[in-house]
Protein chains: 2
Amino acid sequence: MVTGKGAMTAGEGRGGRPTLEMVAARAGVGRGTVSRVVNGSPHVSAQARAAVEAAIAELGYVPNRAARALAADRTDAVALVIPESETRLGAEPYFLDIVRGVSTELADTDMQLLLTLIRTPRERQRLGQHLAARRVDGVLLVSVHENDPLPSLLERLRVPTVLNGRRSEREWMSYVDADNVGGARSAAEHLLGLGRRTVATITGPLDMYVARCRLDGYTQAMNSAGLGGDTSLVAHGDFTEEGGRAAMRALLERHPGLDAVFAASDVMASGALHVLRQSGRRVPEDVALIGFDDSAVARHADPPLTSVRQPTEEMGRTMARVLLEEIESRNGIRRHVVLSTDLVVRESA
Amino acid sequence: MVTGKGAMTAGEGRGGRPTLEMVAARAGVGRGTVSRVVNGSPHVSAQARAAVEAAIAELGYVPNRAARALAADRTDAVALVIPESETRLGAEPYFLDIVRGVSTELADTDMQLLLTLIRTPRERQRLGQHLAARRVDGVLLVSVHENDPLPSLLERLRVPTVLNGRRSEREWMSYVDADNVGGARSAAEHLLGLGRRTVATITGPLDMYVARCRLDGYTQAMNSAGLGGDTSLVAHGDFTEEGGRAAMRALLERHPGLDAVFAASDVMASGALHVLRQSGRRVPEDVALIGFDDSAVARHADPPLTSVRQPTEEMGRTMARVLLEEIESRNGIRRHVVLSTDLVVRESA
DNA sequence: TGCCAATCTGGGAGCGCTCCCACGGGAGCG
DNA sequence: CGCTCCCGTGGGAGCGCTCCCAGATTGGCA
């Protein structure tokens, strides 16, 4: 016989971890009081609170998350869902920054961060199950496509959700986005301010809202300068380096004398840069070049690329904050946040 | 009155989610049987199993994780712990690849992946608490420093743990590492094979085991070629671009005629590349250059850098697999895995 | 034919917590 | 001075599951 049971009714908990009950016994109060103290309820006398806090410290008590989740029907965890396809394209730093921001914001809460990468349709389905089982209190969705079924599913399930980026002009779910239009506009304006007159642009895939926004910004700036309307200055890329190359080649063919290019991503700008070089043009002397994202690619290019920076980490923080609010106040209020971008001027323009 | 309670004793569960009990009622069996089916126990008759499976499908039953965790004293979750400092230095793709690998491996289990970024000492302490509370079944530790207290804490707590990389020669905890020595050796050998004779190296901070390994590999190759022993060919960097620049300048000063450099990271190689250029030297004609990591920086450099690739994603997968095994078989057996690297030859050497 | 073992099964007893009800006693009121 | 009212409190009930123990049923063997 190892340990009698009579004397120590509270038991020892599995793994020897202290339980609420043990804290209560030690502090000489009831379970309810300890629970109130732990959860910050104001309806506790100073005396009782002190006793409980002392007992907690002595025992090194940490609430059992599973028990709490079961009893309170919440998990104290949020999921960050990232479609695998998006983590390619040299966009890695972007995701890491988002994660960093989310993690920072969550650090003060004791919410846990669940990372879910979606690669296959099977995993996608699995995720649906998880969500249906309400294993998280809320979901952060990164780079959703227009026709992604996930947001609607989440909505139907009434799972608090915050998107990173919008799916279209009139996004109704909560989202946090960067001011892509403004960023693109300021890039084009910078080029125009340099005295360049034949300013071309390389777009992303136009079935992505973010790509359309960046094109819009460019168009706005061109129109304001009275240089709008020439669609031959617009070439379409797909956010890849090869796409940037092809677009640049097309542009040079149509406009051998162009003197500036705004690419909707650094990776595409990098592709464009190579083509420009191969064609014997100097950057920025002959052709000024601006990218978007302010990624490592921009910093390490030769010459280093001027680029539009988006406050990625802050976007992550904001997403987490908005989600937390949405979880807290159960009144499905939606929030739309657009954070401003800024131009980082380097040597390419 | 919405719904009577008498008839449907099993209730509706909160949020309308079906419970084990409801499945049991529907299938006309007991709770125990349903549990056995769900958990894949062999001690169930084919008939009962079929009935239960049908009921599960009809009801769309998904086990409640919290309840399971509470009853079985396990969480079905593992934590991936990443020290913030390490996510800088252009090493982002590395972490994303690790995450990708871990996530892939976990997708088939129904383990959840908890991401924990550690920035401040406070967060570090908090993590200790989490671990003490056994909120995860196991821990994956990325890039641990020699004097990090976390591994020992984990060991004391008897939490299954797998390290990414070793802390020293004789690491006793389970780990998955890349063959840094071999990779560095093959890089140096490649340089020598090119006919280069004055082969220098830029090291990482030598208080990191990984940096020492890469230096070792270089030294081995030099010794085998009968060119070893010249410590003036070794310059110390810190894995940053600026460090790479400084080291390169120092090397050029000592050896104006050097014809090859092996840098222990792509970022340092990139720094070295700029200095080499500024000094009027051509790469690879005058000086051949090799980096380590095969990161985006290497691919986008001009000229693209030859670099040592480590199978990062596979390392992630392996870590997860080893951890799962360790959790499964509770006999604290340690496993040490070293994955081979390979040289990706591009234009710089 | 009878008996024992092997197999399958139902359901009780918890896991550690939150929710909530009911109780006690002090303050404030008429 | 007695009556509410309310704050602080203890503890029952129950969240949905796993674990495990008996009971029921079957088959095999003497």
Side-chain angles (χ1 to χ4, degrees), chain A residues 5 9-52 55-56 59 61-76 110 132-135 137, chain B residues 5 9-52 55-56 59-76 110 133-135 137:
Chain A
K5 251 201 158 185
T9 339
E12 293 240 299
R14 278 176 294 187
R17 267 164 286 144
T19 69
L20 238 208
E21 192 100 37
M22 292 164 68
V23 174
R26 174 127 195 169
V29 300
R31 242 171 42 245
T33 302
V34 178
S35 176
R36 274 178 287 259
V37 170
V38 171
N39 292 292
S41 159
H43 305 291
V44 182
S45 68
Q47 189 188 4
R49 164 165 286 121
V52 170
I56 287 178
L59 261 35
Y61 169 74
V62 184
N64 179 315
R65 201 168 265 262
R68 182 179 275 180
L70 181 58
D73 198 26
R74 64 194 159 89
T75 63
D76 286 332
D110 59 6
R134 274 281 194 172
R135 292 192 183 163
D137 293 337
Chain B
K5 250 201 158 186
T9 340
E12 293 241 300
R14 278 178 294 189
R17 266 163 286 144
T19 69
L20 238 209
E21 193 100 38
M22 292 164 67
V23 174
R26 175 127 195 167
V29 300
R31 246 173 35 246
T33 301
V34 179
S35 176
R36 275 179 286 258
V37 170
V38 171
N39 292 293
S41 160
H43 305 291
V44 182
S45 68
Q47 189 188 4
R49 164 165 287 122
V52 169
I56 287 178
L59 262 35
Y61 169 74
V62 184
N64 179 315
R65 201 170 267 260
R68 182 179 274 181
L70 181 58
D73 197 28
R74 65 193 157 89
T75 63
D76 285 333
D110 60 5
R134 274 282 193 170
R135 293 193 182 161
D137 294 337

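Since we're looking at a predicted model, the values are computed, not measured. In what follows, chains carry the letters A, B, and so on, assigned in the order in which the sequence lines appear, proteins first and then strands, with residues in each chain numbered from 1.
Note: B:Arg36 CZ to B:Arg31 CZ = 10.5 Å, rounded to the nearest 0.5 Å.
The phosphate of C:dT18 has OP1 or OP2 within less than 4.0 Å of a side-chain N or O from A:Ser35. For the OP1/OP2 pair of D:dT9 and a distance below 4.0 Å, the side-chain nitrogens and oxygens of A:Ser45 include at least one atom meeting the criterion. Residue B:Asn64 places none of its side-chain N or O atoms closer than 4.0 Å to OP1 or OP2 of D:dC15. Side-chain N/O atoms of B:Thr33 include one lying less than 4.0 angstrom from OP1 or OP2 on C:dG10. Distances shown here put a side-chain N or O of A:His43 below 4.0 Å from the OP1 or OP2 atom of D:dG8. Contact check, A:Arg31 against D:dG11: no side-chain N or O comes under 4.0 Å of OP1 or OP2.
Looking at A:Arg65, its side chain does come within 3.5 Å of a backbone N or O of A:Asp76 through a donor-acceptor pair.
The distance between atom CD of B:Gln47 and atom C1' of C:dT9, rounded to the nearest whole Å, is 12 Å. Atom-to-atom, CG of A:Leu70 to C1' of D:dC15 comes out at 4 Å; the value is rounded to the nearest Å. Rounded to whole Å, atom P of C:dC17 lies 3 Å from atom OH of A:Tyr61. Look at CZ on A:Arg65: it is 19 Å from C1' on D:dG16, rounded to the nearest Å. Rounded to whole Å, the distance from CG on A:Leu59 to P on C:dG16 is 13 Å. Across the protein-nucleic acid pair, A:Met22 atom CE and C:dC17 atom C1' stand 15 Å apart, rounded to whole Å. The distance from atom CG of B:Asn39 to atom P of C:dT9 is 15 Å, rounded to the nearest whole Å. In this entry the distance linking CZ of A:Arg36 with P of C:dG16 reads 21 Å, nearest Å.
Heavy-atom minimum distance, A:Tyr61 versus A:Thr19: CE1-C, 3.6 Å.
Toward the 5' end of DNA chain C, the nearer of the two residues B:Ala48 and B:Ala67, judged by each one's closest nucleotide, is B:Ala48.
You'll find the side chain of B:Leu20 stays beyond 4.5 Å of the side chain of B:Arg68, heavy atoms only. The side-chain heavy atoms of A:Asp73 and B:Arg17, taken from C-beta on, include a pair separated by under 4.5 Å.
Using the Watson-Crick or G-U wobble rule with both distances under 3.5 Å, D:dT4 pairs with C:dA27.
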